Amino acid sequence: MSDYLDGLNDIQRQAVTTIEGPVMVIAGPGSGKTRVLTYRIAHLLEKGIPPWSILALTFTNKAAREMKERISTVVGDRARSVWAGTFHSIFARILRYEAEHIGYPGNFTIYDTQDSKSVLSNIIRENNLDSKVYSVNGIRSRISSCKYNLISPKAYIDNPQYLQEDRERKQPHFQKIYKAYMARCRRAGAMDFDDLLYQMFILLHKNPGNVAQKYRDKFKYLMVDEFQDTNYLQYQIIRKLVNWEGSPRNVCIVGDDAQSIYAFRGATIQNILDFQENYPNVKVFKLEQNYRSTSHIVEAANDVISNNRRQIQKKIWTDKGEGDQIKVIQAVTDTEEGKRVADQILEQKTRYHLQNKDIAILYRTNAQSRSFEESLRQHNIRYKVFGGLSFYQRKEIKDILGYLRMIVNPNDEEALRRVINYPKRAIGKTTIDKVSRMADQANISMWDLCKNVHQTGLSARPTNAIKGFVKLIERFQAMQSTKDAYELAMLAAKESGLLKLLGEDKTIEGMNRMENAQGLLDGIKIFVDSDEDFGEDIEGDRSLAAYLQSIALLTDQDTQDDTDDHVTLMSVHAAKGLEFPSVFVVGLEEDLFPSFMSKNTTDELDEERRLFYVAITRAERFLTISYAKSRYRFGQIRYNETSRFLDEIATRNMAMSTPFSKSGRSAQPYGSSSGKGVNYAKYAAPKKKKKTYNPNTPVDPRFKAINAKELSVGQQIEHFRFGNGTIKSIEGATGNEFATIKFDDGGEKRIVLRFAKFKV
DNA sequence: CTCCTACGCCTTTTT
DNA sequence: GGCGTAGGAG
């Protein structure tokens, strides 16, 4: 059973078998990092270490899940009891258990980014602060970095230097907002993503009931994946668990400074340097052999990253042979870029017998996916877009979840604000604002205030409306003990009127929303019926609270099924840790990659370069890089120079698909290079007038639904709302056909024929 | 209170 | 190009 060690090279084996004391593994791309991590855990288990005393922290659920799966193929079922999960989910689990120690309810809500922003904008508005001076995004990231640096609102206010800086920045009230934000979250029984880390630290630091020792005794072996992406706060938590009198300090960190791409959310390479200082007896293993890519790719990666300043010395090498050169595609427009990438994909598929799932398109920003989606669709290539809005962030989903959150934790203010007047109950903005202010003054939650609405002096109409709402929620709550999560969710969705409202919208988008809502309910049913671990194994608990917990930290990528064969489209960030036989890195233009947001300092630029390094090292056999000389951005055509990163790859590793000169970077075919300060308004697309539609207008009876069989492509029709148009296509299952219609005003719409009102 | 329109904003990456 | 919000009318 110890033959699993045979599949490792010398250094890997040492990293796996050195289990006592601090260990640092510097793992280049494709060097078998996950292997080392999983075999190390397997090895611990083989040595008789109980699985529940092993804590493995990762950054994504996916990484954690994969790790567990791979451990179980080596050691079987024991793997299930290993504590492997993301920082956020593991800490959430502990915090729920220890909630009383930090003055939170055990069923606390986790606020996502939307929720946090909404809390902040409410605070800013209610305090009559200028939302331009106090931008929600700016404030949020400042609060975030306060938490990362363990600066409490109190510590902030007590520090004259911070206050001075705020005055200079013209944001003297920041400290007030920070304090109010924390207070509101607490009153709502809610934690944001950062709180899960922050409160975990507080718990260990203040150590009520000696709780810290409990977890120190429990977790005898600690492993941290992607250590280069940890921030100060995360590292301090690790230290709390590992650095104590008499601790064996069994901590193993795995990472690669060259792949650090999360500085924007507080990650710092300083942690790696500090680690070596804090643990002088640390054993360091460098994994430098790349088992993933051919040498043109590895050489290019080495060349690119050598342009960065500070880094841990290492030389990544491969024995996979030269392989193909890196192909460069130059396009005139973003549309053409999409088309040529799709062409290239088709060619690779036929020539090298690649499947769709062997191929990935990686971009710097999610917004770039569009042109590729379009061209892939036209080429009939299956694809899947990862990232962007996750399922659980969609409005219709959050609306239903809002009701569910209210049932579990009615103090959850964001949930309350979301659903108190949706569907409409005649509780308007002014009323909600009043409720919020009064709750603030009384220092109670909005829910508690609503329960006592008769004492507030609000006028009769809103008072009664609020009473009705309170009754509705209380009725759901009362059924918590008798109904399971699915029954409860179904009931809430129906009786709140949400489902009915969704069902009334017969547009394609509306039907989609309805489908999503059904999908959510189905998901809850599956959750209830299943005995499987869901994300964060909350063993056996199938309650609504357990369901909400299980989905709070899920992202889009955790809900995908990878069964069908599709090309992968995702951001470079999302691609970290993945590999594909063929990778397209697209949009290699100045101001896009590197991003215009990150060109101010060398540090930022270095991070962009590491990001590019991550991108190209995802490729096993084929790497294609593309760029477009012009592209639509922010609604305008912009002309861009070729990315500087392209110049950092030696020509011997590249093959040009189009005539391309290294000096071509400065070519200015359109008379301008960077676009800075140039007015491109004349290139801007004409503004489309949005047609609006009043549902109360009676419809001319001549306009009616027409059976799909009587229609054909190319036919002219007149829609009662959108006017004249031409049918471009008819698709969909019998009875549910929809037509794509190009209207004469230039717009294109997909319309479900069953509900369409038009005439031929 | 609700609906509608116009405008102004912003636009990186994610747990 | 898309979104959320502010401001106006019913």
Side-chain angles (χ1 to χ4, degrees), chain A residues 57-64 85-92 110-114 116-118 121 125 131-132 135-138 141 144 148 191-197 226 229-231 233-234 260-267 334 362-368 370 386-390 393 395 421 424-432 459 461-462 465 535 552-558 570-576 587 591-599 604 607-608 610-612 614-615 631-638 684-696:
Chain A
L57 297 169
T58 65
F59 271 81
T60 61
N61 296 302
K62 196 172 171 192
T86 64
F87 279 88
H88 291 85
S89 63
I90 295 276
F91 294 167
I110 296 173
Y111 275 171
D112 65 15
T113 310
Q114 270 177 50
S116 304
K117 282 186 183 177
S118 161
S121 73
R125 188 164 34 82
S131 64
K132 288 189 190 74
S135 80
V136 167
N137 284 322
S141 72
S144 191
Y148 287 157
M191 294 200 201
D192 67 15
F193 289 139
D194 302 331
D195 286 332
L196 296 174
L197 309 177
E226 310 278 16
D229 288 330
T230 53
N231 57 41
L233 172 53
Q234 283 163 320
S260 164
I261 55 175
Y262 284 106
F264 74 91
R265 64 173 203 210
D334 46 354
L362 308 182
Y363 32 74
R364 178 64 179 83
T365 65
N366 284 310
Q368 284 166 262
R370 281 195 131 194
F386 293 78
L389 209 52
S390 103
Q393 315 245 49
K395 184 182 179 308
N421 196 33
K424 302 238 174 309
R425 294 188 185 89
I427 304 170
K429 241 206 204 115
T430 353
T431 309
I432 296 174
S459 51
R461 219 157 80 97
L553 294 167
L554 286 187
T555 59
D556 208 24
Q557 282 153 60
D558 302 314
M570 57 169 58
S571 71
V572 180
H573 281 90
K576 192 164 76 153
D591 291 329
L592 183 60
F593 202 172
S595 162
F596 70 103
M597 299 287 290
S598 306
K599 289 175 64 167
E604 288 176 336
E607 173 143 317
E608 293 286 312
R610 290 192 294 270
L611 196 53
F612 184 55
V614 167
R631 74 171 62 238
Y632 266 99
R633 264 186 107 187
F634 317 140
Q636 293 191 326
I637 293 179
R638 300 284 307 246
K687 281 219 158 142
K688 256 186 253 164
K689 267 205 189 126
K690 270 194 194 134
K691 294 234 171 182
T692 52
Y693 155 62
N694 179 352
N696 298 323

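Since the structure is predicted, the reported quantities are computational estimates derived from the model, not experimental observations.
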Please tell me if [X] has a side-chain N or O lying less than 4.0 Å from either OP1 or OP2 of [N].
| X | N | result |
| --- | --- | --- |
| Lys117(A) | dG4(C) | no |
| Asn366(A) | dT13(B) | yes |
| Thr60(A) | dT14(B) | no |
| Asn137(A) | dT12(B) | no |

For Ser598(A), run the side-chain hydrogen bond (donor to acceptor under 3.5 Å, both in side chains) check against Glu604(A), Glu607(A), Glu608(A) and tell me which one passes.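 Among Glu604(A), Glu607(A), Glu608(A), the one meeting side-chain hydrogen bond (donor to acceptor under 3.5 Å, both in side chains) with Ser598(A) is Glu608(A).
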Heavy atoms under 4.0 Å, any strand shown: does [X] hit a base, just sugar-phosphate, or nothing?
| X | value |
| --- | --- |
| Ser598(A) | base |
| Asp194(A) | nothing |
| Thr113(A) | base |
| Arg633(A) | nothing |
| Lys429(A) | nothing |
| Phe87(A) | nothing |
| Phe193(A) | base |

Which of the following nucleotides, [options], is nearest to the side chain of [X]?
| X | options | result |
| --- | --- | --- |
| His573(A) | dT14(B), dC1(B), dG1(C) | dT14(B) |
| Thr430(A) | dT11(B), dC1(B), dT13(B) | dC1(B) |
| Glu608(A) | dT14(B), dT12(B), dC1(B) | dT12(B) |
| His88(A) | dT2(B), dT15(B), dT13(B) | dT15(B) |

For the residue pair His573(A) and Phe264(A), categorise the inter-ring angle as parallel (less than 30°), tilted (30 to 60°) or perpendicular (more than 60°).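 Ring orientation of His573(A) relative to Phe264(A): perpendicular.
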Give me the ring orientation class for Phe59(A) and Phe87(A): parallel if the planes are under 30° apart, tilted from 30 to 60°, perpendicular past 60°.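 Tilted: the ring planes of Phe59(A) and Phe87(A) meet at 30° to 60°.
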Test item: Thr58(A) and Glu226(A) side chains (from C-beta on) under 4.5 Å apart, heavy atoms: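 No. Closest side-chain heavy atoms not under 4.5 Å.
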Under the criteria of a ring-centre distance below 5.5 Å and an interplanar angle below 30°, is Phe264(A) stacked with the base of dT13(B)?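 Phe264(A) vs dT13(B): stacking yes.
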